[in-house]
Amino acid sequence: MKFIYERENLTKSIPLMALMAAINIIVAELAGLSIFVSLVLVLVLPLTSAIVELCCKDRYFPIYAIATFGLSLALTFWNIETTIFYVFPSIITGYIFGLLTKKKVAPVYAIFAATLAQTGISFALIPFINFLLQIDIVETFKTALGLANNSNVNIVVPTFIFFISLIQVSLSQIIVKEELNKFGVDSKKDEASNIASCILGLTFVFFIPLFYFFSLEAGYLFLAMSLYFAVYRIAMSIYGKNYYDLIGYAIIIAINIVVFALVQSYLKEASQLLLLGISSALICLTSLVFSFLRKKKEKIQ
């Protein structure tokens with residue numbers, strides 16, 4: 001992408017900010033036409049803000065953010081909940097991802113931090129929109145998807161928002177990945193032994209059984225966060241061609257399937273998938289052990 005490069009002053013930044021703001025406005029307009037259209041189009045929204053933050057000075061971002069949100073509100077007055085629920089969180093998310101990337105934070109953490117921000121803001125906006133506009137976003141989605149009478153859907157709403165946010169931010173990372181060297185960021189370099197990601201994955205698994213008794217919504221959200229780091233460890237093993245790790249992960253998944261078949265009937269309704277936390281825990285734990293073993297081997301050599 002030839003337009004992705006660092007701009008030193010406001011004059012050079014304005015055309016890019018105007019282009020990205022226009023994309024946000026167009027997406028907001030189209031997203032208001034259909035729930036299904038919105039789910040596809042909003043995936044690109046954080047990317048526009050991330051590009052602005054990457055290419056322009058930090059002090060110029062508020063200009064872009066205010067102009068984008070203000071114009072989107074003005075031009076989607078017939079459906080302003082779209083701008084509030086989609087555009088506003090994506091501006092913040094794109095900024096966080098772009099800023100952390102510029103600060104050379106590892107992609108796994110930049111993506112996770114931006115995803116958490118998007119999830120938190122989006123979830124907080126649901127009651128706000130309901131109060132301000134008397135529109136229940138969750139019920140609107142449930143009705144459109146034919147799930148209005150399914151009470152269990154509410155349990156996975158935070159997790160659904162998390163995964164949509166994760167897809168949005170991950171898409172931004174994929175698209176700008178090859179351009180990051182222009183900003184002094186080596187996108188291909190990642191810690192060979194990412195101990196912190198394993199510890200984070202294990203930490204989130206720890207909360208799953210606790211919230212099993214109090215809040216399945218929180219339990220599934222912690223499961224999603226633990227799975228993020230477990231899948232990341234699998235991806236790093238594939239990338240690094242660590243075949244012993246992959247064999248261990250395959251055995252773990254097989255064990256989890258057997259445990260699921262034996263135990264799921266004893267768990268309360270709609271909680272059975274929390275058993276996936278077993279795979280997350282064992283994958284992160286196994287990866288942690290392998291990481292320590294490799295570090296020890298490197299020291300001996």
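Quick note: numbers below take in every heavy atom, side chains included, and nothing from hydrogens, waters or symmetry partners. Heads up: numbering here begins at 1 and tracks the sequence.
Of the possible polar contacts, none joining the Asn24 side chain to the Phe69 backbone as a donor-acceptor pair under 3.5 Å is found. The closest donor-acceptor contact from the side chain of Gln272 to the backbone of Glu269 lies at 3.5 Å or more, if one exists at all. Under a 3.5 Å cut-off, the side chain of Tyr243 and the backbone N or O of Ile238 do not form any donor-acceptor pair. Put simply, the side chain of Ser271 never gets that close to the backbone of Leu267: no donor and acceptor are under 3.5 Å apart. Using a distance-only test at 3.5 Å, with no hydrogens or angles considered, a donor-acceptor pair links the side chain of Thr286 to the main chain of Leu282. Using a distance-only test at 3.5 Å, with no hydrogens or angles considered, no donor-acceptor pair links the side chain of Glu53 to the main chain of Phe97. Although no hydrogens or angles enter the test, the distance criterion places no donor-acceptor pair under 3.5 Å between the side chain of Ser226 and the main chain of Val205.
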Residue pair Ser197, Tyr109: steps toward the side-chain contact (heavy atoms from CB on, under 4.5 Å) verdict: CA-CA 8 Å; Ser197 66; Tyr109 304 122; 3.9 Å; yes
Verdict with supporting geometry, Phe77 and Leu73, side-chain contact (heavy atoms from CB on, under 4.5 Å): CA-CA 6 Å; Phe77 62 91; Leu73 277 179; over 6 Å; no
Stepwise ring-ring contact (aromatic ring centres under 6.0 Å, His included) check, Phe222 with Phe211: CA-CA 9 Å; Phe222 281 113; Phe211 282 99; 5.4 Å; yes
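At a threshold of 4.5 Å between non-hydrogen side-chain atoms, the residues Thr68 and Ile91 count as touching.
Remark: Tyr95 pairs with Phe61 by the ring pair (Phe, Tyr, Trp, His ring centres under 6.0 Å) rule, at least two apart or across chains. By the ring pair (Phe, Tyr, Trp, His ring centres under 6.0 Å) test, Phe85 pairs with no residue at all, sequence neighbours left out.
Between Ser72 and Thr83, the side chains place no donor N or O within less than 3.5 Å of an acceptor N or O (distance only, hydrogens not considered). Between the side chains of Tyr64 and Ser49, a donor-acceptor pair is found at a separation under 3.5 Å. Between the side chains of Tyr249 and Asn242, no donor-acceptor pair of N or O atoms lies under 3.5 Å.
Ile167 and Val231 are assigned to two separate hydrophobic clusters, defined by single-linkage of ILVMFWY side chains at heavy-atom distances under 4.5 Å.
Between Phe112 and Tyr228, the ring centre distance stays below 6.0 Å.
In the displayed structure, Lys12 atom NZ is contacted under 6.0 Å by at most 12 heavy atoms of other residues, nucleotides or ligands.
The side chain to side chain donor-acceptor pair (under 3.5 Å) pairs that include a residue from residues 206-224 are Ser215-Glu217, where partners are two or more places apart or lie in different chains.
Salt-bridge check for Lys102 with Asp58: passed, with a basic side-chain N closer than 4.0 Å to an acidic carboxylate O.
Note that CD1 of Ile251 is 13.5 Å distant from CG of Asn256, once rounded to the nearest 0.5 Å. In this structure, CG on Leu45 lies 9.5 Å from CD1 on Ile23, to the nearest 0.5 angstrom.
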